[in-house]
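Read the structure below first, then the notes.
These numbers come from a predicted model, not from an experiment.
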Amino acid sequence: MFPLYKLAGAFAAPPGLFCILLVFCAILALRAPRRRALALLLSFLSLSLWYMSTTTGAAFITGTLEEMYADRLPTSGAHTAVLVLSG
């Protein structure tokens with residue numbers, strides 16, 4: 001029961017909700033004549049959104065940006081500052 005609850009929760013919140021809505025729109029576009037290109041575009045957009053929300057997709061998108069700078073701590077005795085971002 002718990003896996004079913006987690007699966008439903010994943011599709012009830014973004015980005016799962018947007019993926020489901022895009023697939024639903026693609027199915028509706030398939031029902032209309034001469035809308036196959038739109039249905040394929042919506043399906044591709046849904047799969048792209050889903051892929052970008054996974055760990056592999058996020059690493060693919062931002063991996064090169066994160067690898068440009070090395071992680072390093074400030075030297076001892078140096079003045080440091082902490083920035084806390086809140087929403």
Kindly say whether Leu65 contributes a backbone atom to a donor-acceptor pair with the side chain of Thr62 at under 3.5 angstrom?
no

Can you confirm whether Leu28 sits close enough to Phe24 that some side-chain heavy atom of one is under 4.5 Å from a side-chain heavy atom of the other?
yes

Other hydrophobic cluster members with Ile27, side-chain heavy atoms of Ile/Leu/Val/Met/Phe/Trp/Tyr under 4.5 Å, chained?
Val23

Would you mind listing the cluster partners of Leu30? Hydrophobic ones only (ILVMFWY), side-chain contacts under 4.5 Å, chaining allowed.
none

Show me the donor-acceptor pairs within less than 3.5 Å that the side chains of residues 42-52 make with the rest of the protein, sequence neighbours left out.
from: Ser43; atom 1: OG; to: Ala39; atom 2: O; distance (Å): 2.9
from: Ser46; atom 1: OG; to: Cys19; atom 2: O; distance (Å): 3.2
from: Ser48; atom 1: OG; to: Phe44; atom 2: O; distance (Å): 2.8

Kindly write out the residues that satisfy side-chain contact (heavy atoms from CB on, under 4.5 Å) with Phe2, not counting sequence neighbours, or none if the list is empty.
Tyr5, Lys6

Other hydrophobic cluster members with Leu41, side-chain heavy atoms of Ile/Leu/Val/Met/Phe/Trp/Tyr under 4.5 Å, chained?
none

Remaining members of the apolar cluster that contains Leu21, side-chain heavy atoms under 4.5 Å
Leu17

